[in-house]
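No hydrogens, no waters, no symmetry mates; every other heavy atom, side chains included, goes into these values. What you see is a predicted model, and the numbers here were worked out from it, not measured in a lab. Numbers here are sequence positions counted from 1.
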Amino acid sequence: SKVIKCKAAVAWGRGEPLSIEDVEVAPPKAHEVRVKIVATGVCHTDWEYLYETGKGMKFRPFPLVLGHEGAGIVESVGPGVTKFSPGDKVIPLFLPQCGECDRCRSPKTNHCRKNWDNTQMGVLADGTSRISCKNQQIYQFLGVSSFSQYTVVPDTSLTKIRSDAPLEKVCLLGCGVSTGYGAAVNTGKVEKDSLCAVFGLGAVGLAAVMGCRVAGAKRIIGVDINPDKFDKAKVLGATECVNPRDHNKPIQEVIVAMTHGGVDYALECVGSPDIMSAALESTADAWGTCIIAGWTETAAMKVMVEKILMGRTLKGTYFGGWKSVQDVPKLVDDYMNNRLELDEFITHSLPLDQINVAFDLLKSGKSIRTVISL
């Protein structure tokens with residue numbers, strides 16, 4: 001029932017480097033859980049909200065604590081919480097699963113909207129945050145804020161995982177790896193012996209490559225302007241890689257020529273409308289499927305109607321189509337049973353006070369995932 005004082009990386013304003021501050025984390029209220037964050041991944045979405053709000057990203061209020069790809073241990077629970085106890089290993093979730101709404105009961109979607117409007121604006125069910133600093137409220141990014149040593153999340157935005165799982169590895173299942181992997185196996189439903197192209201070889205794209213391989217695709221073409229990522233892509237299942245800058249014609253034309261008509265599945269993992277259009281146009285007419293996994297909120301994609309009329313399918317995915325609370329523990333099990341790679345995604349490990357270095361590594365293309373130890 002007491003306030004906890006701890007360290008957090010606070011974003012005081014758009015475009016400003018994160019500042020390590022002493023913050024206060026209030027006790028959990030009804031149907032909330034306070035979590036000690038042990039490790040968190042640094043996702044490109046965190047960087048975008050800090051440096052590109054208004055350029056394809058909707059505004060979130062500042063000051064806030066970023067981070068949404070974490071793992072930790074339950075410290076305390078609020079009234080009405082029945083599924084968690086202090087000491088449980090858990091992964092906070094930016095996508096809830098209440099289990100009661102029409103969307104949760106439907107097998108067609110994972111888009112639960114429990115507390116959605118509030119968490120998107122950085123507050124919990126009562127309209128306030130549980131984190132404060134220098135006598136002012138600090139907003140919680142997507143209702144999570146894993147760049148803090150302690151945070152409070154709704155009990156519908158949290159999942160319990162096995163006690164022997166290494167938190168510094170499975171934290172990646174809170175966003176990037178789950179999204180890309182699920183884009184292939186859930187949303188795309190990639191088929192055995194199919195031809196695939198993955199646009200963008202960051203964490204989401206590499207996970208999509210892994211998903212295509214697991215699904216049995218016979219040819220997986222990785223596409224990225226950074227050739228330093230090609231070796232990692234091949235380790236995870238890419239059969240070949242292409243740099244658009246090595247060609248004097250649009251990359252979709254290159255892919256169509258390479259595959260004698262286009263791929264069966266194209267997965268866009270960048271968040272660029274231009275690349276989304278290229279990915280769609282790289283698929284075979286009559287049956288090609290393009291899955292959009294890259295994130296942007298305000299940008300518009302250009303689609304020639306004929307590309308759809310001729311039989312292509314354009315699909316979007318959010319968190320890889322996983323039902324968050326029930327499916328993330330299964331992904332943890334897959335990792336623990338050597339059916340899913342995570343270690344290969346981690347290129348750097350840093351303490352919290354080097355969080356800005358992690359952002360620099362991400363933006364420069366020198367890292368896939370940096371895991372921050374809290």
Side-chain angles (χ1 to χ4, degrees), residues 6-9 18 33-47 49 65-75 84 87-97 140-153 157-182 202-204 206-207 210 236 295 319-320 322 324-355 357-359 361-362 367-374:
C6 65
K7 298 288 186 183
L18 301 183
V33 179
R34 187 159 58 183
V35 177
K36 178 182 180 181
I37 299 294
V38 172
T40 181
V42 179
C43 178
H44 194 263
T45 306
D46 296 312
W47 183 92
Y49 279 125
V65 172
L66 291 162
H68 61 288
E69 193 179 78
I73 300 168
V74 172
E75 180 272 334
F84 302 96
D88 288 345
K89 284 189 174 181
V90 290
I91 293 179
L93 304 162
F94 65 88
L95 176 65
Q97 184 188 356
Q140 295 182 225
F141 185 55
L142 302 180
V144 178
S145 288
S146 58
F147 292 173
S148 176
Q149 290 176 322
Y150 286 85
T151 190
V152 176
V153 299
S157 296
L158 190 70
T159 192
K160 181 179 176 180
I161 60 172
R162 55 195 287 173
S163 61
D164 58 343
L167 299 179
E168 73 279 6
K169 304 292 178 61
V170 299
C171 62
L172 301 190
L173 294 171
C175 181
V177 172
S178 298
T179 296
Y181 183 61
V204 174
L206 290 172
M210 177 173 64
L236 289 166
W295 187 253
F319 196 53
W322 302 108
S324 58
V325 172
Q326 72 185 48
D327 286 338
V328 167
K330 297 174 186 176
L331 292 173
V332 172
D333 288 342
D334 284 346
Y335 167 70
M336 298 298 290
N337 293 321
N338 298 313
R339 293 194 296 265
L340 181 74
E341 288 95 338
L342 289 178
D343 300 51
E344 288 78 5
F345 291 83
I346 300 171
T347 52
H348 299 79
S349 297
L350 295 172
L352 180 61
D353 61 8
Q354 293 190 47
I355 186 74
V357 174
F359 272 170
L361 289 167
L362 182 69
S367 73
I368 302 301
R369 267 298 184 269
T370 296
V371 171
I372 300 295
S373 172
L374 288 96

- Assess whether side chain to side chain contact (heavy atoms under 4.5 Å, CB included) is satisfied between Phe345 and Val177, documenting all intermediate values. CA-CA 8 Å; Phe345 291 83; Val177 172; 4.0 Å; yes

With a 4.5 Å limit on heavy-atom distance, are the side chains of [X] and [Y] in contact?
{"X": "Val153", "Y": "Val90", "value": "no"}
{"X": "Leu93", "Y": "Leu158", "value": "no"}
{"X": "Asp88", "Y": "Ile73", "value": "no"}
{"X": "Pro92", "Y": "Thr159", "value": "no"}
{"X": "Trp322", "Y": "Leu95", "value": "no"}
{"X": "Leu167", "Y": "Ile161", "value": "yes"}
{"X": "Tyr335", "Y": "Val170", "value": "yes"}
{"X": "Phe359", "Y": "Asp46", "value": "yes"}

Mind listing the side-chain donor-acceptor pairs of residues 346-354 below 3.5 Å, one per line with the distance, residues two or more places apart or on another chain?
residue	atom	partner	partner atom	Å
Thr347	OG1	Ile368	N	3.0
Thr347	OG1	Arg369	O	3.4

- Message: Regarding Asp333 and Lys330, does a basic nitrogen lie under 4.0 Å from an acidic carboxylate oxygen?
- Response: no

So which heavy atom on [X] is nearest to which on [Y], and how close?
{"X": "Phe84", "Y": "Lys160", "result": "CE2-N, 3.7 Å"}
{"X": "Ile91", "Y": "Ala71", "result": "CG1-CB, 4.1 Å"}
{"X": "Ala9", "Y": "Leu18", "result": "CB-CD1, 4.0 Å"}
{"X": "Thr40", "Y": "Ser146", "result": "OG1-OG, 2.8 Å"}

Treating [X] as the side-chain partner and [Y] as the backbone partner, does any N or O pair qualify as donor plus acceptor under 3.5 Å?
{"X": "Glu69", "Y": "Cys43", "value": "no"}
{"X": "Ser148", "Y": "Ala8", "value": "no"}
{"X": "Ser178", "Y": "Gly174", "value": "no"}
{"X": "Lys89", "Y": "Ala165", "value": "yes"}
{"X": "Gln149", "Y": "Cys6", "value": "no"}
{"X": "Thr151", "Y": "Val144", "value": "yes"}
{"X": "Ser145", "Y": "Leu66", "value": "no"}

- Message: If you take the centroid of each ring, where Trp contributes its six-membered ring, are Phe94 and Phe319 closer together than 6.0 Å?
- Response: yes

- Query: Given Val332 and Leu173, is the side chain to side chain contact (heavy atoms under 4.5 Å, CB included) satisfied, shown in steps?
  - Reply: CA-CA 8 Å; Val332 172; Leu173 294 171; 3.7 Å; yes

- Task: Name all residues meeting the side-chain contact (heavy atoms from CB on, under 4.5 Å) criterion together with Ser157; count only those two or more places apart in sequence or in a different chain, and write none if there are none.
- Result: Pro96, Pro154

Partners of [X] by side-chain hydrogen bond (donor to acceptor under 3.5 Å, both in side chains), sequence neighbours excluded?
{"X": "Asp334", "answer": "Arg339"}
{"X": "Asp164", "answer": "Arg162"}
{"X": "Glu75", "answer": "Arg34"}
{"X": "Glu341", "answer": "Arg213"}

- From Gln140 atom CD to His68 atom NE2, the distance as rounded to the nearest 0.5 Å: 14.5 Å

- Query: Say you draw a straight line from CG of Leu342 to CE of Met336; how long is it, rounded to the nearest 0.5 Å?
  - Reply: 10.5 Å

- Message: side chain to side chain contact (heavy atoms under 4.5 Å, CB included), that's the test. Do Leu236 and Glu344 meet it? Break it down for me.
- Response: CA-CA 8 Å; Leu236 289 166; Glu344 288 78 5; 4.2 Å; yes

- Message: Between Val65 and Phe141, does the side chain to side chain contact (heavy atoms under 4.5 Å, CB included) criterion hold? Intermediate values first, please.
- Response: CA-CA 6 Å; Val65 172; Phe141 185 55; over 6 Å; no

